[in-house]
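Quantities reported herein were computed from a predicted structural model and do not represent experimental measurements. Note: hydrogens, waters and symmetry copies are ignored here, and every other heavy atom, side chains too, is used. Count residues from 1 along the sequence.
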Amino acid sequence: MRKPVPQKAIEWKDAQIIKHARSGRPSRVPSQYQAGHFSWEKYLKETGAAAAPSSCFKQSLTPPVNEFKVGMKLEAQDPRNTTSTCIATVVGLTGSRLRLRLDGSDNKNDFWRLVDSSEIQPIGSCEKNGGMLQPPLGFRLNASSWPMFLLKTLNGAEMAPARIFHKQEPPAPEQNSFQVGMKLEAVDRKNPHFICPATVGALRGVEVLVTFDGWRGAFDYYCRYDSRDIFPVGWCTLTGDNLQPPGTKGLDLSSAPPPASLWHSGNQSRIKHLGKSFLQKSG
């Protein structure tokens, strides 16, 4: 397993003060918030918040090892048609997650899965279990050409070896044990390559409201308590993922440009989304 990446602690007293956007000057993000300098230990202490216990999550205590390589092929459940099993290609990797593209689809429908997900299997698993591989929803060619397309796709392809798949997912917690205010790390579903600091905003039966620290509600979402898109504090440190820094809650896009640090940390699409939301509201 990859060793945890040491984080440099940044004292808040040395951080620059966030200036209100309506002052006419660009708002600034504390240096601790900038990519590569975020410290959960300091953040929890400053906010007086508690991290959600690892027992709340459907995640392994030790993140699963990722031995996949870009270009490998496997079988995956079509996220837009969960009754279909399709051929997928690994097009990206980060930590314990895979970016997958269904063969016959395009990059607009890429999706992410943990390497221990039950929704991915070695090539041949579907047939072994009495099923048939299906074209993805939105298959770009005529449906009648699917058998030949499948043959050409698999001919000479690098198939992910069965040994690198994980036999089963971690067990789900028996019940929803989250509490409002608890901190966690969560996938930004509008930008799923990002994992960000988040807070439990509300509970609704078996569902949890994930609210992203420092961002307006446009990115919040409800998910089941056993969702594989939420992780305990410190997950990204263990996997080597780049945990995105919190945003700036008081940022007013009508009065000032976003802080430079937000652009540098790869949050351009989030800034643009917020800008569109503001224009729609003000219109």
In the structure I gave you, are the side-chain heavy atoms of Cys223 and Arg189 within less than 4.5 Å of one another anywhere? yes
Can you see which heavy atom on Gln121 is nearest to which on Phe165, and at what distance? C-CE2, 3.4 Å
Pairwise distance CH2(Trp146) to CG(Asp103) - rounded to 0.5 angstrom: 7.0 Å
Keeping the roles fixed (side chain from Arg140, backbone from Ser105), state whether a donor-acceptor pair exists under 3.5 Å. yes
Could you grab the distance from atom SG of Cys236 to atom CD of Glu185, nearest 0.5 Å is fine? 4.5 Å
Taking the side chain from Tyr225 and the backbone from Pro173, do they hold a donor-acceptor pair closer than 3.5 Å? yes
Do Gln77 and Arg113 have side chains that approach each other closer than 4.5 Å (heavy atoms only, starting at C-beta)? no
Can you tell me how far CG of Leu74 sits from CD1 of Ile87, rounded to the nearest 0.5 angstrom? 8.0 Å
From Gln179 atom CD to Met182 atom CE, the distance as rounded to the nearest 0.5 Å: 4.0 Å
Any sub-3.5 Å donor-acceptor pair from Ser96's side-chain atoms to Pro64's backbone N or O? yes
Is the side chain of Asn176 donor-acceptor paired with the backbone N or O of Gly205 at a distance under 3.5 Å, no angle test? yes
Can you confirm whether Lys69 sits close enough to Val90 that some side-chain heavy atom of one is under 4.5 Å from a side-chain heavy atom of the other? no
Give the ring-plane orientation class for Tyr221 versus Phe212, where under 30° counts as parallel, over 60° as perpendicular and anything between as tilted. tilted
What residues form a side chain to side chain donor-acceptor pair (under 3.5 Å) with Gln59, not counting sequence neighbours? Arg228
Pairs where residues 127-137 contributes a residue and the test side chain to side chain donor-acceptor pair (under 3.5 Å) is met, not counting sequence neighbours: none
Do the side chain of Asp188 and the main chain of Cys196 share a donor and acceptor less than 3.5 angstrom apart? no
Quick one, Met72 and Leu98 - any side-chain contact, counting heavy atoms below 4.5 Å? no
Identify the two heavy atoms, one from Trp215 and one from Pro246, that lie closest to each other, and give their separation to 0.1 Å. NE1-C, 4.1 Å
Which atom of Pro171 lies closest to which atom of Lys58, heavy atoms considered: O-CG, 3.8 Å
With rounding to the nearest 0.5 angstrom, report the CD to CG distance, Gln168 to Asp116. 10.0 Å
Is the backbone N or O of Leu137 less than 3.5 Å from a side-chain atom of Arg80, with the two atoms forming a donor-acceptor pair by type? yes
Using the ring of each side chain (for Trp, its six-membered ring), is Trp235 parallel, tilted or perpendicular to Phe231, with breaks at 30° and 60°? parallel
Lys108 bridged to Asp106 by N-O distance under 4.0 Å: no
May I have the step-by-step check of side-chain hydrogen bond (donor to acceptor under 3.5 Å, both in side chains) for Thr211 and Asp220, ending in yes or no? CA-CA 5 Å; Thr211 63; Asp220 299 350; 5.1 Å; no
Between Ser118 and Glu169, does any side-chain donor sit less than 3.5 Å from a side-chain acceptor? yes
Determine yes or no for a side-chain-to-main-chain donor-acceptor pair under 3.5 angstrom, with His193 supplying the side chain and Trp112 the backbone. no
For Ala218, is there any backbone N or O sitting under 3.5 Å from a side-chain donor or acceptor partner on Lys190? yes
Does a sphere of radius 6.0 Å around CG in Leu151 hold more than 12 heavy atoms from other residues, nucleotides or ligands, not counting ones at 6.0 Å or beyond? yes
Ignoring hydrogens and geometry, is there a side-chain-to-backbone donor-acceptor pair from Asp78 to Pro136 under 3.5 Å? no
Nearest 0.5 Å, what's the CD1-CD1 distance between Ile230 and Ile195? 12.0 Å
Could Asp241 and Arg97 be called an ion pair, given the rule that one side-chain N must be under 4.0 Å from one carboxylate O? no
Thr89 (side chain) donor-acceptor with Val91 (main chain) under 3.5 angstrom: no
